[in-house]
Amino acid sequence: MPRFTTPPDREGFEEAVWEMVMQIPRGRVCTYGRISELVGAPSGMDAPAFRAFGPRWVGGAMAHCPDGVPWWRVINAQGRISQREGAERQRRMLEEERVEFSERGKVDMGEYGWEG
DNA sequence: ATTATGACTCCCA
DNA sequence: GTGGGAGCCATAA
């Protein structure tokens with residue numbers, strides 16, 4: 001397992017992430033990686049490092065986001081739920097807004113994915 | 001000071 | 001489709 005850290009300017013980065021996540025329409029999903037791309041790297045960080053860690057930082061921001069942020073609309077690039085503890089709850093939240101899961105628990109990104 | 005810890009993605013067997 | 005490794009460092013305890 002690779003290690004990762006919180007980003008430089010964590011507060012600013014996470015706020016930007018939350019604002020971006022709030023733009024995901026109801027009934028759609030977005031990936032950690034796509035959110036991090038849309039938000040962009042904090043100044044002073046090189047692209048390769050950000051490519052590697054950005055998505056995980058987005059995950060970190062989802063772990064403690066303020067009310068009003070639809071954290072459940074963020075899933076991984078494979079169309080699956082990354083969270084372990086709250087996976088069922090997240091799935092319910094998505095199904096309530098008509099997002100469908102395959103038998104293997106996957107969301108069709110072509111159908112439900114939001115690219116920003 | 002040292003250690004454990006994280007809601008990821010890509011690439012290649 | 002599934003499995004493992006690489007990416008490489010800030011916080012909290």
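Just so you know, these numbers use all the heavy atoms, side chains as well, and skip hydrogens, waters and symmetry mates. Residue numbers begin at 1 in each chain, while the letters A, B, ... track the order of the sequences.
For the pair A:Leu38 and A:Gly116, the tightest heavy-atom approach, listed with the atom from each and the gap, is CD1-CA, 4.0 Å. Minimum interatomic distance between A:Met62 and A:Val21 (heavy atoms only, all atoms of both residues): CE-CG2, 3.8 Å. Closest approach of A:Pro7 to A:Pro42, counting heavy atoms only: CB-CG, 4.3 Å.
As rounded to whole Å, 13 Å separates atom C1' of B:dA7 from atom CD1 of A:Ile35. Across the protein-nucleic acid pair, A:Trp18 atom CH2 and B:dA7 atom P stand 14 Å apart, rounded to whole Å. Spacing between atom NE2 of A:His64 and atom P of C:dA12 amounts to 10 Å, rounded to whole angstrom units. One can place CZ of A:Arg10 at 12 Å from P of C:dA10, the figure rounded to the nearest angstrom. Whole-Å rounding puts the A:Met93 CE to B:dA7 P distance at 18 Å. Across the protein-nucleic acid pair, A:Arg80 atom CZ and C:dG1 atom C1' stand 10 Å apart, rounded to whole Å. Atoms CD (A:Glu14) and C1' (B:dG6) sit 12 Å apart, rounded to a whole Å. The nearest whole Å value for the distance from the CD atom in A:Gln90 to the P atom in B:dC8 is 11 Å.
Screening A:Met109, A:Glu37, A:Glu115, A:Gln78 against A:Thr31 for a side-chain contact (heavy atoms from CB on, under 4.5 Å) leaves a single residue, A:Met109.
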Can you tabulate the close N/O pairs, meaning under 3.5 Å, that link protein atoms to atoms of nucleotides 9-13 of chain B?
{"from": "B:dT9", "atom 1": "OP1", "to": "A:Tyr32", "atom 2": "N", "distance (Å)": "3.2"}
{"from": "B:dT9", "atom 1": "OP1", "to": "A:Gly33", "atom 2": "N", "distance (Å)": "2.9"}
{"from": "B:dT9", "atom 1": "OP2", "to": "A:Ala77", "atom 2": "N", "distance (Å)": "2.8"}

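Of the P atoms belonging to C:dC8 and B:dA4, the separation is 22 Å, rounded to the nearest Å. For the P atoms, the distance from B:dA7 to C:dA13 is 15 Å, rounded to whole Å.
Note that A:Arg56 lies outside the cation-pi zone of A:Tyr32, set by a 6.0 Å cut-off to the ring centre and a 45° limit from the axis.
The listed nucleotides are C:dT2, C:dG1, B:dA7; the one nearest the side chain of A:Arg104 is C:dT2.
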**Request:** Fill in the dot-bracket string of DNA chain C, one character per base: . for unpaired, | for a pair to another strand, ( ) or [ ] for pairs within the strand, taking Watson-Crick or G-U pairs under 3.5 Å.
**Result:** .||||||..||||

**Asked** How far apart are the C-alpha atoms of A:Tyr112 and A:Arg73, what are their side-chain angles, what is the distance that settles it, and do they pass the side chain to side chain contact (heavy atoms under 4.5 Å, CB included) test?
**Response** CA-CA 10 Å; A:Tyr112 298 102; A:Arg73 294 180 190 146; over 6 Å; no

**Item:** Evaluation steps, side chain to side chain contact (heavy atoms under 4.5 Å, CB included), between A:Gln90 and A:Trp71
**Value:** CA-CA 9 Å; A:Gln90 182 169 3; A:Trp71 52 267; 3.9 Å; yes

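Scanning for side chain to side chain donor-acceptor pair (under 3.5 Å) contacts around A:Glu85 gives an empty result, with sequence neighbours left out.
Summarising the geometry, atom CD1 belonging to A:Ile75 is positioned 10.0 Å from atom CZ belonging to A:Arg80; distances are rounded to the nearest 0.5 Å.
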